[in-house]
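Atoms considered below: every heavy atom in the structure, side chains included; atoms not considered: hydrogens, waters and symmetry mates.
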Amino acid sequence: MQLKFLGTSAGELYPGLWCRCRNCQKARRGDERDRRQSAALYVESTPSPDAYAETAAAAGILIDFPSEIASQALRHHLELPELCNLLITHSHGDHWFPYLLRWRSAPVRVSKADDPAPCESGAPRFTELPILHIWGNAAVETVLRRELGENLVPFAIEFHRVGSGDTFAIGDMTITALQANHDFGREEALHYVVQDGRSTLLYGLDGDTFLTETRDALRTFRFDVVILESTYGFGEGKNHRNFVRLLEEAAWFRAEDVLVKGGSIIATHFSPHHCPPFQETDEYLSSYSILTAWDGMALTL
């Protein structure tokens with residue numbers, strides 16, 4: 001399994017769009033790893049020798065779809081027109097921005113790949129697309145249909161509603177959805193367990209300390225990689241984790257033997273106003289054997 005972090009920021013981005021605090025200014029001027037876009041992860045079952053290979057994008061899974069996904073895809077070499085599988089954790093705008101899917105709408109006639117667009121008619125795209133399968137909760141579906149309408153056929157989209165406890169296949173990968181402790185009572189935000197028969201991944205954001213039933217479900221897996229959010233860093237707040245609760249969860253995975261020997265715990269979803277720039281965060285978390293993700297970070301399991 002190969003992972004690529006397309007974005008590692010919390011919702012306000014890093015640096016914050018409208019902020020000139022110490023962390024934001026340092027991110028603008030310093031280490032490229034300090035500049036973060038909204039959280040998104042791309043997962044491939046088998047590493048592709050060609051980052052632009054059509055088969056790679058068709059077989060892989062994109063987790064979350066923020067407003068910056070177009071620039072993220074270009075920067076990190078993901079061919080969006082070939083994407084077939086999209087998992088959405090929840091409906092918040094930094095994780096789910098379906099407005100961009102409007103541009104999948106087909107014209108009356110289409111062209112072959114690399115042919116010129118027929119300039120006598122206007123449409124968002126002129127070439128055929130593979131079906132984009134989207135999995136998400138009820139709130140994710142509501143936002144999608146509010147944006148695109150009830151008929152998803154012109155957009156080459158099929159939506160699959162999932163909830164906590166559901167297990168389903170995407171290609172040769174098996175996905176299990178678990179409830180996240182995020183906006184609890186208003187929306188069933190989801191964490192995803194991804195398995196390819198060789199490795200097991202937990203994508204655990206957004207969310208605060210695990211719910212009891214989620215923790216019980218986690219005990220049934222042994223993870224090679226656990227990805228956890230750490231939005232509030234050295235600060236305080238609910239609905240997301242800070243570093244204190246991140247360390248508590250990391251200790252739990254190790255104490256319960258839910259993490260395989262040599263497995264990795266990775267922190268992501270950083271707020272610029274609670275989490276210091278990359279080097280400082282990395283020095284702190286690495287002392288607890290936790291990796292600090294950055295935009296473009298790749299990992300092969």
Exercise for review: Taking ring pair (Phe, Tyr, Trp, His ring centres under 6.0 Å) as the test, write out the residues that go with His191, two or more places apart.
Suggested key: Phe210

Check your understanding: What residues form a side-chain contact (heavy atoms from CB on, under 4.5 Å) with Glu188, not counting sequence neighbours?
Key -> Ser164, Gln179, Leu190

**Study point:** With sequence neighbours excluded, residues passing salt bridge (Lys or Arg N to Asp or Glu O under 4.0 Å) with Arg186
**Key:** Asp183

Exercise for review: Look at the rings of His269 and His240 and say which category their plane angle falls in: under 30° parallel, 30 to 60° tilted, over 60° perpendicular.
Suggested key: parallel

Check your understanding: Parallel, tilted or perpendicular: which describes the rings of Trp135 and His160, with under 30° parallel and over 60° perpendicular?
Key -> parallel

Exercise for review: Taking all non-hydrogen atoms of both residues into account, name the closest pair between Ala39 and Leu205 and its distance.
Suggested key: CB-CD1, 3.9 Å

Review point. Looking at residues at least two apart in the chain, or sitting in another chain, which of them share a ring pair (Phe, Tyr, Trp, His ring centres under 6.0 Å) with Phe184?
Key: none

Point to revise | Carboxylate-amine/guanidinium proximity below 4.0 Å for Asp224 and Arg198 | key: no

Review point. Given the rule that I, L, V, M, F, W and Y join up when any side-chain heavy atoms are under 4.5 Å apart, are Phe223 and Ile290 in one cluster?
Key: yes

Review point. Is the number of heavy atoms from other residues, nucleotides or ligands under 6.0 Å of Tyr99 OH greater than 12?
Key: no

Revision key, fill the gap. Output for pair (Leu201 CG, Leu299 CG), nearest 0.5 Å, gives 9.5 Å

Exercise for review: Output all residues satisfying side-chain hydrogen bond (donor to acceptor under 3.5 Å, both in side chains) with Asn151, sequence neighbours left out; order by chain, then residue number.
Suggested key: none

Exercise for review: Ignoring hydrogens and angles, tell me if any N or O in the side chain of Ser230 forms a donor-acceptor pair with the backbone of Thr268 under 3.5 Å.
Suggested key: yes

Point to revise | Cluster link Phe234 to Leu246, ILVMFWY, side chain under 4.5 Å | key: yes

Practice item. Can you run down the salt bridge (charged side-chain N to carboxylate O under 4.0 Å, His left out) pairs that involve residues 149-158, sequence neighbours left out, and say none if there aren't any? Key: Arg145-Glu150

Revision key, fill the gap. In short, Asp34 meets Lys26 closest at the heavy-atom pair OD2-O, 4.2 Å

Point to revise | salt bridge (charged side-chain N to carboxylate O under 4.0 Å, His left out) evaluation trace for Glu229 with Arg241 | key: CA-CA 6 Å; Glu229 68 132 287; Arg241 293 186 189 89; 5.2 Å; no

Review point. Got a sec, which residues hit side-chain hydrogen bond (donor to acceptor under 3.5 Å, both in side chains) with Arg35, two or more places apart in sequence or on another chain?
Key: none

Point to revise | Sole residue of Thr292, Ile266, Thr8 in side-chain contact (heavy atoms from CB on, under 4.5 Å) with Met297 | key: Ile266

Practice item. On the 0 to 90° scale, with breaks at 30° and 60°, tag the His92-His90 ring pair as parallel, tilted or perpendicular. Key: perpendicular

Study note, to complete from the structure: Here the gap from Phe168 atom CZ to Met173 atom CE, rounded to the nearest 0.5 Å, amounts to 11.0 Å

Review point. By the rule that ILVMFWY residues connect when side-chain heavy atoms come within less than 4.5 angstrom, directly or transitively, which residues belong alongside Leu129?
Key: none

Exercise for review: Heavy atoms only: give me the nearest Tyr14-Pro272 pair and the separation to one decimal.
Suggested key: CE1-CA, 3.2 Å

Study note, to complete from the structure: Excluding Val153, membership of its hydrophobic cluster (Ile, Leu, Val, Met, Phe, Trp, Tyr; side-chain heavy atoms within less than 4.5 Å) reads none

Review point. side-chain hydrogen bond (donor to acceptor under 3.5 Å, both in side chains) between Glu248 and Thr209: does it pass, once the steps are laid out?
Key: CA-CA 9 Å; Glu248 290 172 350; Thr209 300; 5.1 Å; no

Study note, to complete from the structure: Closest non-hydrogen contact found for Gly60 with Tyr42 is CA-OH, 3.3 Å

Exercise for review: Check side-chain contact (heavy atoms from CB on, under 4.5 Å) between Thr89 and all other residues, then give those that pass, not counting sequence neighbours.
Suggested key: Ile63, Asp64, His95, Tyr192, Tyr203

Exercise for review: Indicate the atoms forming the closest heavy-atom contact of Pro15 with Ala27, along with that distance.
Suggested key: CD-CB, 3.9 Å

Study note, to complete from the structure: Residues passing the salt bridge (Lys or Arg N to Asp or Glu O under 4.0 Å) test with Arg219, sequence neighbours excluded, are Asp216, Glu256

**Study point:** Exam field: side chain Gln72 to backbone Ser38, donor-acceptor pair closer than 3.5 Å
**Key:** yes

Study note, to complete from the structure: Asp206 and Ala180 have their tightest heavy-atom pair at O-CB, 3.3 Å

Point to revise | Lys4: partners by salt bridge (Lys or Arg N to Asp or Glu O under 4.0 Å), with sequence neighbours left out | key: none

Point to revise | Interatomic spacing from OG in Ser105 to CG in Leu148 - rounded to 0.5 Å | key: 9.0 Å

**Study point:** Pair His182-Asn239, side-chain donor/acceptor within less than 3.5 Å
**Key:** yes

